[in-house]
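All ligand and atom numbering here is 1-based and tracks the order in the structure.
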Amino acid sequence: MELKPHDQDYWLLVEDILTNETFSQLINYNHHHTSIMEHALTVSYLSYLICKKLNLDYVSGARGGLLHDFFLYDWREYKKQPHKKNHGLNHPKVALANSHQCFELNKVECDIILKHMWPKAIGFPRYWESAIVSFVDKYCACNEFWIKFTSFAFSYRKTKLGSTLKKISSFAMLQNH
Ligand SMILES: [Fe+2]
Ligand SMILES: [Fe+2]
C-alpha cells in the first residue's frame, strides 16, 4: 500500500505518533461514536490542511491535533465514577501529561492540547493553530455525533476525506504490525 505524495508529507510529520505503541491503543476507546484514534486523526489532518493553507505552523497543527485527546479511558465509564474530576475540563491535562511522556512537544503543541476545550475549559488559545484545532475539534465532534443517527452525506466518512483518512489509518496499522 502506498500513500499519495501529499498524504506522504502528512504521514512523515506524524509517523512517530501513529506508530507509537501507547498512542495506538486509542483505537480501542470510543469517542462520539467513533474511536478516539479516528477522531484524533480527522482533527489532525483537517487542522494540517487549514494551517498549511493559511501559512501557519502546520507541523504543530498536525501533531497537536493528533495528541489533543490522548487519554486512555472510556469517558462514559469515567463519568460514572463518583469521585472523578469533570472529564470535559480535565482531559486536556491528561492528554498533555501522556503526550509529554511519549513525545517531545513544542510550546504551540502544548497550547493546542491544553486549550482545545475552549470555551468550555478556561484558557484562551494563545496561537492561531490552537484556535484552529479547537474549531476543527468541535466540527468533527458534531459530525461524528450525527453518524449514529443518520446516514446523511454530511458525514466525512463518505467523502474523499473519509477515504484518505481510512488509507492513512490502515497504513499506520500496517506499520504497527
Ligand atoms: Fe477533547
Ligand atoms: Fe477531540
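The aromatic rings of Y45 and Y48 sit tilted relative to each other, their planes meeting at an angle between 30° and 60°.
The distance between the ring centers of F71 and H31 falls below 6.0 angstrom.
Using a 4.5 Å heavy-atom cutoff, the side chains of L56 and Y127 are not in contact.
Applying the salt bridge (Lys or Arg N to Asp or Glu O under 4.0 Å) rule to pairs touching residues 5-24 yields D16-R63, sequence neighbours excluded.
Side chain of N98 to main chain of F70: a donor-acceptor pair is present (N/O by atom type, distance under 3.5 Å, no hydrogens or angles). For the pair H100 (side chain) and A97 (backbone), a donor-acceptor distance under 3.5 Å is absent.
For the Fe ion (ligand 2), the tally of protein N/O/S atoms lying closer than 2.8 Å stands at 4.
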